[in-house]
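Side-chain atoms are counted along with the backbone in the values below, which use heavy atoms only and exclude waters and symmetry mates.
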Number of protein chains: 2
Amino acid sequence: MRNHTSGLARDLEVLEVLSFAEAFTSGGLGVNRIAELTERDKGQISRVLKTLSSSGLVDRDDKTRRYSLGPRLYSMAMRTKEAHLALLSEPRLFELVAQTQETAHLNVLRGGRVLTTKTVVAAQALRRSGWDGIVSAAGSTASGRVMLAGLSDEEIELWWLEHAQDDPLPALQTAFTKPLEPINRKVKRQLPAKNLKAFLKILQEVRDLGYAISDGEFQPGIVDAAAPVRDSSNIIVAAISTGVPKERVGSQFDSLGQLVSGAALRFSTDLGAPIIGPA
Amino acid sequence: MRNHTSGLARDLEVLEVLSFAEAFTSGGLGVNRIAELTERDKGQISRVLKTLSSSGLVDRDDKTRRYSLGPRLYSMAMRTKEAHLALLSEPRLFELVAQTQETAHLNVLRGGRVLTTKTVVAAQALRRSGWDGIVSAAGSTASGRVMLAGLSDEEIELWWLEHAQDDPLPALQTAFTKPLEPINRKVKRQLPAKNLKAFLKILQEVRDLGYAISDGEFQPGIVDAAAPVRDSSNIIVAAISTGVPKERVGSQFDSLGQLVSGAALRFSTDLGAPIIGPA
DNA sequence: GAATTAAGTTGTGCATAGGTCAACCTAAGG
DNA sequence: CCTTAGGTTGACCTATGCACAACTTAATTC
């Protein structure tokens with residue numbers, strides 16, 4: 001079969017590259033750098049960037065001639081389902097933060113991975129830079145497991161085959177860091193379970209409990225608790241989670257789980273979910 | 001000169017259409033509808049959408065076969081300068097809301113128009129759907145005037161020539177509403193001033209005062225107050241604003257202006273702006 | 001549940017959009 | 001002033017994506 005839109009796909013790589021560049025560089029990238037990273041001709045990249053910046057998807061700094069992600073992205077992103085959900089979740093996340101004094105997140109499952117859409121930081125929190133927009137592996141986070149638990153066994157099997165071995169961070173990010181800054185940090189890939197059967201058992205426990213706990217599996221020293229958010233069709237559409245340093249929870253996993261569950265339930269009813277006890 | 005990326009530009013129109021569709025439809029658009037709106041072949045649109053959805057920029061509902069803006073947009077948008085600023089502004093916007101009991105916004109000036117990046121609604125507010133991501137004409141909003149006042153006279157003249165007559169809403173939106181819902185609402189185009197000289201005088205007043213007031217010019221019955229936010233180079237990078245129903249302000253314009261100025265100043269120092277009195 | 005209609009996907013020849021490669025600018029630094 | 005690197009523009013030529021149509025799949029009607 002002939003590929004009819006490979007040009008578009010190639011041009012979109014420019015956005016990908018800029019997206020990851022944003023995390024490591026400041027002031028954006030020049031035409032040459034982008035051409036290297038995408039392995040394309042600099043002349044062509046120059047033209048592509050002209051088009052992209054005239055649409056506002058990328059932003060051109062006329063002084064330095066460097067490009068970065070543009071304002072149009074922001075304006076479009078606010079029209080997505082994800083943004084809508086994030087907006088609605090704010091009050092409930094604030095409630096949870098008030099109760100726990102810890103940072104709270106709203107996450108959704110997209111493409112087999114966990115996308116954090118909204119973060120509310122606790123007043124005491126050190127790191128201000130949010131996790132918003134960050135994508136993580138679903139198997140090793142509490143949020144991911146809570147949302148996977150809402151799927152049917154066949155769907156979970158599909159996920160297992162495709163995404164169980166995902167790197168915690170997306171592929172292009174490591175591909176990009178390599179040529180730019182030669183930090184060869186070993187990403188320790190921790191599998192959520194030995195095999196599918198073991199993983200299904202974990203998910204069944206999550207279903208029974210009503211929330212999931214990840215004890216340092218995603219970030220060492222951080223206990224992650226998450227509970228499912230359901231919409232009016234009673235389908236799991238998101239997860240509310242909170243990450244707490246281990247020394248602050250001790251072994252009080254259950255009370256943390258209860259708090260997160262409560263916030264998730266309240267948000268679910270906000271969305272019109274039927275009020276039923278745990279099946 | 002021959003155009004080397006008109007294909008890309010055409011394909012990006014698909015995103016534009018979806019972006020505006022989001023406001024009027026729910027559940028997204030089908031291939032045929034998008035083909036109509038972009039005046040392209042449905043076969044080609046089908047292929048373009050396949051590419052766009054494999055990159056996550058659009059989202060495909062496998063059941064209904066309808067497309068809407070995708071999660072990747074959200075994740076990219078969170079890496080933009082605009083998102084960064086919006087995140088940092090949150091605490092200051094909350095402070096302002098606590099003081100005024102009215103909804104507060106953070107706005108930036110992009111492409112001659114005002115882009116609202118963050119909205120914090122007051123507890124009493126009726127409408128929950130935010131203004132985030134909405135683009136408005138710069139001349140008739142307080143935020144726009146505050147930010148234009150930070151430019152040099154030549155830059156303002158350039159803006160006047162290109163954008164003074166802008167519709168309050170972007171062009172494609174009206175173009176899109178026409179075929180979809182035949183509401184022929186007349187957009188009353190209200191010029192900010194009769195001519196450039198008069199407008200420059202208005203901006204000078206804004207500079208002297210330190211804030212701008214728009215008395216129902218943007219939305220009838222709403223008094224809009226805005227003050228400039230400066231970064232570490234003392235350049236105006238955004239505006240904090242608040243919109244108050246006229247009956248609740250009365251003629252207390254100045255005290256409202258002072259509150260907004262205070263919030264904007266505090267946020268400016270957060271960003272590392274030099275602390276100097278109004279020149 | 002068969003028949004009809006609408007919506008979406010895939011196949012193919014042909015014209016054109018975009019890739020290659022080069023020359024030409026423009027800005028910064030010695 | 002010259003040199004060098006980054007960025008833009010130009011021109012040729014081929015691969016890409018457009019038009020048109022056939023085909024598949026889903027929804028609707030009787």
Separation of atom CZ in B:R66 from atom C1' in C:dG8, rounded to whole Å: 13 Å
Distance, rounded to the nearest Å, where B:D41 contributes CG and C:dA7 contributes P: 15 Å
Is it the case that the side chain of B:R145 and the backbone of B:G139 share a donor-acceptor pair, with hydrogens and angles ignored and the cut-off at 3.5 Å? yes
Minimum-distance nucleotide (side-chain atoms of A:Y67 versus D:dT8, C:dT20, C:dT9): D:dT8
Salt bridge between B:D11 and B:R47, side-chain N to carboxylate O under 4.0 Å? no
Side chain of B:V31 (C-beta onward), nearest among C:dG8, D:dG7, D:dG10: C:dG8
Qualifying residues under salt bridge (Lys or Arg N to Asp or Glu O under 4.0 Å), relative to A:R66, sequence neighbours excluded: none
Atom-to-atom span, CD1 of B:I45 to P of D:dC20 - whole angstrom: 15 Å
By the 4.0 Å heavy-atom rule, please label A:R60 as base, sugar-phosphate, or nothing. sugar-phosphate
Taking atom types as they are modelled, would you say the side chain of B:R10 forms a donor-acceptor pair with the base of C:dG18 within the 3.5 Å cutoff? no
Of A:G7 and A:R65, whose nearest nucleotide on DNA chain C comes first from the 5' end? A:G7
Atom NZ of A:K42 and atom C1' of D:dT4: how far apart are they, to the nearest Å? 12 Å
Specify the separation, in whole Å, of atom CG of A:L37 and atom C1' of D:dG6. 15 Å
Identify, between A:K63 and A:R40, the residue whose nearest nucleotide on DNA chain C lies closer to the 5' end. A:R40
Figure out the CG/P separation between A:D61 and D:dG7, and round it to whole Å. 12 Å
Non-neighbouring partners of B:K81 that pass side-chain hydrogen bond (donor to acceptor under 3.5 Å, both in side chains), sequence neighbours left out: A:D59, A:S68
Which of these, A:V135, A:V108, A:N107, A:T141, sits in a side-chain contact (heavy atoms from CB on, under 4.5 Å) with A:T116? A:N107
Judged by nearest nucleotide, the residue sitting upstream toward the 5' end of DNA chain D, A:G43 or A:L8, is A:G43
Strictly below 4.0 Å: does B:N32 bring a side-chain N or O up to OP1 or OP2 of C:dA6? no
Does A:K50 make a side-chain N or O approach to OP1 or OP2 of D:dG7 shorter than 4.0 Å? no
Can you tell me how far P of D:dT25 sits from CG of B:D62, to the nearest Å? 15 Å
Between CD1 of B:I34 and P of C:dT9 the distance, given in whole Å, is 10 Å
